[in-house]
Structure formats: C-alpha cells, structure tokens
Protein chains: 2
Amino acid sequence: MSNVRPLAELRAVREPGKRMRSRLLDAAVEMFKAQGLAGVAVADIAAAAGAFPSQITYYFRTKEALFVEAACREVLYVARQAETSAAPALTGADYNRRLVETVIGSPGLALFVEALSLTRRRQDLAPLIERTFDRLHSQGDRAYAETKAQHGWSGGDDPATTARRFWTLALGVALRDGATGATGQEAIDEMLALLRHSGASPRAAHSHGAT
Amino acid sequence: MSNVRPLAELRAVREPGKRMRSRLLDAAVEMFKAQGLAGVAVADIAAAAGAFPSQITYYFRTKEALFVEAACREVLYVARQAETSAAPALTGADYNRRLVETVIGSPGLALFVEALSLTRRRQDLAPLIERTFDRLHSQGDRAYAETKAQHGWSGGDDPATTARRFWTLALGVALRDGATGATGQEAIDEMLALLRHSGASPRAAHSHGAT
C-alpha cells in the first residue's frame with residue numbers, strides 16, 4: 001500500500017491550500033462589499049490576498065463562483081452574529097429586534113441577494129446556494145428553539161417555519177430596499193412590522209373549520 | 001391665445017404616442033419573458049412592435065429603463081389577476097391559495113425581481129419601482145379588505161400589513177427559487193407554508209405584557 005499517503009502528509013498538502021482559499025475569500029468579501037461584483041477584477045483580489053490571479057482560477061474557476069462562495073460564507077456569518085446577539089433577549093419581540101438590527105442592512109445580506117440574482121443565470125452554482133439556505137434555516141431553527149426553551153416562551157409558530165419565514169422576508173426587504181434606496185432604519189422598521197403578527201389567518205365569522 | 005392648441009388637437013398628437021409606447025411595452029414584455037434582459041436587443045423589440053429602434057430611445061431612453069417599466073407593468077397585471085381570482089374565495093386559506101397560485105412562478109414576478117436587482121445599480125429608475133410597490137400594496141390592501149368585509153371574516157392582521165407581507169414573501173420566494181431552480185409546485189407549497197401563521201409572537205409563560 002505504498003501508494004497510500006500517510007495522513008500527516010496529506011494534511012501538510014491540504015492545510016496550506018485551505019488557508020490560501022480562505023485568504024482569497026477574505027480579500028474578495030471586503031472588495032465585493034466596497035465595489036460590487038462588476039467593480040472588482042480578479043487581479044485586484046489576488047493582489048490584496050498576496051496571491052496570483054491563477055490561484056483564483058485554480059481554487060474557484062471564475063470570479064462569479066468566488067463571488068457566490070464569498071456571499072454565502074458572509075451571510076452565514078451574519079446569521080451567527082444575529083443569533084449570538086439575540087440569545088440573551090428577554091421577550092420574543094426583543095429577540096426579533098436584535099436579529100433584525102444585525103441582519104437588515106448588513107453588507108452580507110446584500111451580497112447574498114446579489115449572489116441569488118447571479119445564480120439564476122448560473123445554475124452550476126445552485127448547489128452551494130441550496131446548502132447555504134439549508135444551513136441558514138437549520139441554524140435559525142436551532143437557535144430560536146433553544147432560546148424559546150430557555151425562557152419558557154410559548155405560542156408562536158414552530159421554530160423551523162419561523163426561521164424560514166424570517167429569511168424569506170429578509171431577502172424580500174433587502175431586494176426592495178436595494179432598489180428603492182430606503183435608509184437602514186426604514187428597512188429595519190419595515191422588517192419588524194412584517195414579523196409582528198396579530199394572529200392566525202382570518203376565519204369565517206361562523207367558523208366551519210376554515211383556517 | 002393663438003399659441004394654445006385646442007384640446008382635440010393635443011389629443012391627436014398624444015394618443016398615437018401613447019399607443020406606440022404601449023405597443024413597445026407589449027412586445028418587450030413577451031421577449032424579456034422568453035429571453036431575459038441580456039438576451040434581447042433593442043432592434044429586436046422595435047422590429048416585433050413594427051417600430052424603429054430610435055422610437056425606443058425616444059420613449060424609454062435605454063433598454064434597462066424599458067425593461068424596468070415593462071416589469072412593473074407586468075407585476076401589476078399579475079396582481080390584478082390574482083385579486084380577481086381570489087375574490088370568490090370562501091375562506092382565508094382559500095384566498096391565500098388562489099393568490100399564491102397566480103403570483104408564485106409567474107413570469108411577471110420573475111421580471112420584477114430582475115428589475116429590482118437592476119435598479120440597485122440604476123437609481124434613476126428607483127421612483128418607478130417605488131410607485132409600483134405603492135400600487136401593489138394599496139391594491140392588495142383594498143382587495144383583501146373588500147373580500148374580508150364581504151365574507152364577514154374576522155381576525156388576522158390588518159389588510160395593509162397583510163398585503164405588504166404577501167409581496168415581501170413573494171419576492172423572497174421568487175429570488176430564492178430562481179437561484180435554486182425549485183419547481184413551481186415547491187415554490188407554491190413554500191409560500192403557502194410561510195403565509196400560514198399559527199398565532200402571535202411567542203410570549204413569556206408568565207406574561208409581563210411581552211408581545
């Protein structure tokens with residue numbers, strides 16, 4: 001079995017590769033946040049990361065693939081920040097407010113919205129987007145369920161649906177406010193109003209079991 | 001006052017202009033639906049409408065402005081269709097289902113999502129987007145309030161918030177499913193699940209007025 005490399009040797013090859021990949025993503029995120037996808041050249045990202053443009057091609061193939069991967073990593077980072085910030089909330093309303101203030105208006109959410117628009121025309125990048133949604137939803141579900149249990153909150157929807165609804169509304173608000181140029185505070189207020197829910201769907205006055 | 005043109009004469013000038021504008025929008029919508037913004041040339045739209053490319057420049061200035069106007073007109077048309085289809089619903093759940101089946105997966109919604117992404121980089125087109133949101137929300141508000149009153153439904157959120165939430169969720173679902181390539185039925189099911197709401201925000205078990 002001399003053709004099987006020892007694990008330590010494999011790691012020695014892989015670790016520097018992972019570090020370079022991560023350094024390229026870090027540099028890319030900062031530049032894309034500041035200048036958008038169209039405003040950034042592969043050569044500039046490489047230069048900022050102390051790498052060669054060919055290394056971007058090697059690790060990511062295209063600028064668009066690098067953009068989508070950077071945006072997905074960034075929105076997951078925003079989500080973790082939001083959940084950390086919301087965990088000590090004492091009420092459901094306070095929990096929502098803390099999530100919303102971290103997520104809405106964040107550059108990470110804006111990058112992710114642009115990545116979704118881009119992926120519409122680049123279906124080869126769809127699997128990464130799907131995995132990112134799965135993680136957003138499952139992280140949000142777990143974080144909210146834990147906080148709910150800790151505080152003994154009752155009522156409200158199940159945490160899984162609540163997490164999915166939160167992210168769907170956040171995308172809608174970000175898409176709209178990116179276009180209309182609404183201020184951060186307007187977007188936050190709008191998102192909070194959309195999350196508040198006074199009750200179930202309307203029912204017939206003489207209910208026949210309609211929901 | 002010989003420099004004031006009689007009204008009839010003014011109309012004779014304006015009406016053909018309005019008709020040409022509308023014909024260009026009709027041709028553009030069909031071509032954008034089939035081939036997307038990037039896949040359609042101004043010359044092709046002009047040819048399909050029996051016009052000259054210079055007439056598109058005259059009425060709309062740029063292909064992007066024509067695209068955004070066509071998308072706004074189309075999403076408002078989808079909204080009216082949805083409200084007409086939902087009006088005879090007998091329950092709130094049936095009302096939602098009819099709205100969702102008309103709106104989610106419609107080419108008009110997809111065009112509007114693309115128009116929003118585009119307007120992020122073209123803030124000169126933002127006023128038209130804002131007016132379109134105002135009309136979507138006010139039409140949805142009025143249609144839902146009328147149906148609620150007619151059937152004597154009670155409960156649920158106020159119609160204005162309900163209409164805003166509906167369109168924000170629809171944008172989020174369309175943005176996501178455009179990227180992941182979800183089927184129409186998956187998107188419809190997802191939207192229906194997000195609209196169903198089991199109750200208010202969670203409350204502390206020993207409520208201190210938290211909502």
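Residue numbers begin at 1 in each chain, while the letters A, B, ... track the order of the sequences. These values consider heavy atoms only, across backbone and side chains, with no hydrogens, waters or symmetry-generated copies.
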- Output yes when A/Glu69 and A/Arg73 qualify as a salt bridge under the 4.0 Å nitrogen-oxygen rule, no when they do not. no

- Item | Plane angle bin for A/Tyr144 and A/Trp153 - parallel if under 30°, tilted between 30 and 60°, otherwise perpendicular | tilted

- Around atom CZ of A/Arg135, are there more than 12 heavy atoms of other residues, nucleotides or ligands at under 6.0 Å? no

- Query: Are the side chains of B/Trp167 and B/Val103 in touch, meaning some heavy atoms are under 4.5 Å apart?
  - Reply: yes

- Answer with side chain, backbone, both or neither: which region of A/Tyr95 has an atom nearer than 4.5 Å to a non-hydrogen atom of chain B? neither

- Should the pair A/Phe133 and A/His137 be assigned to parallel (<30°), tilted (30 to 60°) or perpendicular (>60°) ring geometry? tilted

- Message: Quick check on the structure: residues of residues 170-194 of chain B within a heavy-atom distance below 4.5 Å of chain A, by number.
- Response: B/Leu171, B/Gly172, B/Val173, B/Leu175, B/Arg176, B/Gly178, B/Ala179, B/Thr180, B/Gly181, B/Glu190, B/Ala193, B/Leu194

- Message: Between A/Arg80 and A/Glu83, does any side-chain N to carboxylate O distance fall below 4.0 Å?
- Response: no

